[in-house]
Every structure is written in structure tokens, then in C-alpha cells.
Amino acid sequence: MRVDLFDFDLPDERIALRPAEPRDSARLLVVDPNAENHLSDHLVGDLTYFLQAGDALVFNDTKVIPAQLEGIRHRDGAGGQQVSATLHMRIGPNRWKAFAKPGKRIKQGDRISFGHSGESCFLGSLDATVEEKGEAGEVTLLFDLFGPALDEAIAAVGHIPLPPYIAAKRPEDERDRADYQTIYAREEGAVAAPTAGLHFTPGLFEALDRAGIERHFVTLHVGAGTFLPVKADDTADHRMHLESGTVSAATAARLNAVKANGGRIVCVGTTSLRLIESAAEESGEIRAWSGATGIFITPGYRFKAVDMLMTNFHLPRSTLFMLVSAFSGLDTMRAAYDHAIQTGYRFYSYGDASLLFRKD
């Protein structure tokens, strides 16, 4: 499909720079393409009104790490140049894939010292070698530290990698370390938050429990590739970056039981949806699954397991706007986004949410 089919104009003032307070007071646009009146305005706290006892919410329990690193590149023992790297996928105890800037000036074999003296618990700086160099500024970094020691050093010298549309308007601050994290985050490894989950509060969880709505957790470590623009003119020419994830055997079995009993699978965020669809057979049965997924969902995709999707409002020409258009229909989602813009919904990571029914 042509990528420009997924374009739209978003006024700059619609980009949210902070989350709603409290989180579940954010607005919720309910989109049901199968209903006569397919758009209705609500709050996230109203979520239980649209779910039924026996339905299951699927959350991504990945935890955002401070993956934005600033450092000095050294080559052949000479003085260095300032560079930045955004870690996006761990591939070993001491190896990470990263997007580096300025990418053109970084070469295989370069040494990079991240952080400043005294910030790292171990060496005063966190050192790595550029093991490989790929396309579009992607590099493989081989760190001098391993495992938990590396994790602690990254936490000491790194920064929360705010999305570029927020970082362009204000610097990251201490508040973001809490705001840009779900209340159920557990498995460290993401460099971007599963933002639909940011709306949930302990009070909302209690309301869902009283309504008989199940909660289940999967893990997909969101990578920085989620912020990369689609530069191709046709979707067939776009390459998704891989992200690693896991669906446990126990979770798969429970979700299959939900479906067998007539309940619906409601994914909180496109990350959990992409993982569940990666783990699902053509029959709709969900299998235990672990690995890296690069699933790219555009209109025409046949959803195998997911019935509803809660998600934030996404960028124009993005793979995520393509996904929601596949789920509820392109015309429906263009109308929904036009309504959201005209009625003051807040967009992107810290913005409001939508609850989408799958198009029949």
C-alpha cells in the first residue's frame, strides 16, 4: 500500500508533554466500526463499561531502562568526538544493538566511553567497542562489563530516552523516570514504554477485578525502532526492526481458555497485540513463544487471536497507525483521528487513549 494513505495533519499543540493526572483521567475514544455510531467519547476510568466478565486484558510488563547514552568516541588512541547511542535490543550479556549519532562518523573498531567520571559505580565511565556497523546508524556495541554489572552501569550513566517529539520540546527530568513507566513494569529491557499501559492505576485495576476482567502479562522489549519514520513510499519496501519477547506456556493456556469460554482478548497496546499475533496459529490458538518478532501489520492482515485493542494515538505515516487501520479499518480510523484532533484529544506517548473493536 502507499504510505501516504496513512498521512494526516496534526496541530503541534495536540502533542502531550506530560501524562494526565491521575493517569486514568485521560480521555478514551471508543471506536466500534461495526456499530452505527462508531465513535464515542469517554475516560479511561470508564473502561469496565465496555468489557464483560470473562474478558482478558493482556499487558506488556516490559520495564524501560535509561538507554540513552552520551559519550566520547576514540580511535587509534587519538582524542575523541562526542556521540550518542540509544540502545534498542540486547543480544548478549555484554552486547547491545544501538542507534548511534552521528552515525556516518562511527566505524567498526571504535572505542566509546559513555558517562562522566564518578557517575558509573565501577569505572568512572562505561566503555564499549563498536563491534559491527549496520545501516541507518545502527551499530552493535560490545561493552567491557557483563550482565548485572552492565545493567547497573547503564542505569548510572544513562538517561530515559524520551520520544523525539517530546525531547524536541523539553529535556528529560526526574519526573519522567516515574511517568514513563507502567505501574506493573517488571522485566527490564525496553527503551520505549508500552504507552497504552501508562493509563492504568491501582484503582482501575481494582475496578477491573470487581468486574471479573482477567489480567495477563506478556513481555515485549520495545526498541527505539518504534520511533523511526517510514521512509519508503510503499509498505512493501519497509523493514521492521526486530524486538524480543516472550509468551509463557501458562499465559498462552489461560488465554486459550478465555477464548474457549466465549471471552475476548483485549490487548493493552500495540506491543502486546503484535506479540500475541506472533504467537498465534492460523487457527487462533496461542502458543508459548519466545524470540524476536518483526511482524508488520497493515490493512489486509487477518487477525488470528485479538478481539479488542486499547492504544494511544499514533504518528502519521507510522507503522502503528497502519496497524490500527488494519484492526478497525482505514476509513474508520481516519475519521476517528479527525474527530480526536477536532475535539482536543492529546496525542502520542503521554496522550489520551482509544479503545478499538476489531472490524468484522
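Nothing fancy with the numbering, it's 1 onward along the sequence. As the structure is a computational prediction, the values presented were derived from the model and not from experiment.
Pairs of residues two or more places apart, or lying in two chains, that qualify as salt bridge (Lys or Arg N to Asp or Glu O under 4.0 Å) and include a residue from residues 282-306 are Glu281-Arg287, Glu282-Arg302, Glu285-Arg287. Among pairs with a residue in residues 184-198, those fulfilling salt bridge (Lys or Arg N to Asp or Glu O under 4.0 Å) read Asp61-Arg186, at least two apart in sequence or across chains. Evaluation of the ring-ring contact (aromatic ring centres under 6.0 Å, His included) test over residues 1-32, restricted to residues two or more places apart or in two chains, returns Phe8-Phe321, Phe8-Tyr337. For residues 203-213, the side-chain hydrogen bond (donor to acceptor under 3.5 Å, both in side chains) pairs, not counting sequence neighbours, are Asp209-Arg215.
The pair Asp173-Arg175 does not meet the salt-bridge criterion, since no charged nitrogen lies less than 4.0 angstrom from a carboxylate oxygen. The residues Asp12 and Lys169 are annotated as salt-bridged, a charged nitrogen and a carboxylate oxygen being separated by less than 4.0 angstrom. At a threshold of 4.0 Å, the pair Asp176-Arg18 counts as salt-bridged, since one of the basic side-chain nitrogens sits closer than that to a carboxylate oxygen.
Dense packing is recorded around CZ of Arg177, with more than 12 heavy atoms of other residues, nucleotides or ligands lying under 6.0 Å away. In the displayed structure, Glu174 atom CD is contacted under 6.0 Å by at most 12 heavy atoms of other residues, nucleotides or ligands.
Counting only distance, with no hydrogens or angles, the side chain of Ser354 and the backbone of Thr311 share a donor-acceptor pair below 3.5 Å.
By the salt bridge (charged side-chain N to carboxylate O under 4.0 Å, His left out) test, Asp233 is found to be paired with no residue, residues two or more places apart in sequence or in another chain being considered. Residues meeting the side-chain contact (heavy atoms from CB on, under 4.5 Å) test with Ser248, sequence neighbours left out: Ala250, Thr251. Under the side-chain contact (heavy atoms from CB on, under 4.5 Å) criterion, Asn34 pairs with Asp32, Lys359, Asp360, not counting sequence neighbours. Residues forming a side-chain hydrogen bond (donor to acceptor under 3.5 Å, both in side chains) with Asp7 (at least two apart in sequence, or on another chain): none. Residues passing the side-chain contact (heavy atoms from CB on, under 4.5 Å) test with Ala56 are Glu214, His216, Leu255, Val258, sequence neighbours excluded. Partners of Asp9 by side-chain contact (heavy atoms from CB on, under 4.5 Å), not counting sequence neighbours: none found. Applying the salt bridge (charged side-chain N to carboxylate O under 4.0 Å, His left out) criterion to Asp55, with sequence neighbours excluded, gives Arg264.
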(request) With salt bridge (charged side-chain N to carboxylate O under 4.0 Å, His left out) as the test, would you mind laying out the steps for Asp307 and Lys259 before giving the verdict? (result) CA-CA 10 Å; Asp307 301 294; Lys259 296 283 280 189; 2.9 Å; yes
(request) Please test Arg90 against Asp151 for salt bridge (charged side-chain N to carboxylate O under 4.0 Å, His left out), starting from the C-alpha separation and ending with a verdict. (result) CA-CA 11 Å; Arg90 189 171 202 153; Asp151 298 341; 2.6 Å; yes
(request) Begin with the C-alpha distance, continue with both residues' side-chain angles, and end with the deciding distance and a verdict on ring pair (Phe, Tyr, Trp, His ring centres under 6.0 Å) for Phe303 and Tyr301. (result) CA-CA 6 Å; Phe303 289 87; Tyr301 176 87; 4.9 Å; yes
(request) Go through the steps to decide whether Arg111 and Thr129 satisfy the test side chain to side chain donor-acceptor pair (under 3.5 Å), and finish with yes or no. (result) CA-CA 5 Å; Arg111 292 281 292 172; Thr129 300; 2.8 Å; yes
(message) The test is side chain to side chain donor-acceptor pair (under 3.5 Å); show your working for Glu172 and Tyr180 and say whether it passes.
(response) CA-CA 10 Å; Glu172 170 241 0; Tyr180 201 55; over 6 Å; no
(request) Show your working on salt bridge (charged side-chain N to carboxylate O under 4.0 Å, His left out) between Glu138 and Lys97 and close with a plain yes or no. (result) CA-CA 7 Å; Glu138 187 178 40; Lys97 293 284 189 182; 5.2 Å; no
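If you look at Phe296 and His238, their ring centroids are closer than 6.0 Å.
If you chain together ILVMFWY residues whose side-chain heavy atoms come under 4.5 Å of each other, Leu208 ends up grouped with Leu28, Val30, Val44, Leu47, Tyr49, Phe50, Leu51, Leu57, Phe59, Ile183, Tyr184, Phe200, Leu204, Phe205, Ile213, Phe217, Val266, Val268, Met308, Met310, Leu355, Phe357.
Between the side chains of Asp41 and His339, at least one donor N or O sits under 3.5 Å from an acceptor N or O. Judged by distance alone, the side chains of Asn312 and His199 do bring a donor and an acceptor atom under 3.5 Å apart.
Using a 4.5 Å heavy-atom threshold, the side chains of Leu43 and Asp24 count as separate.
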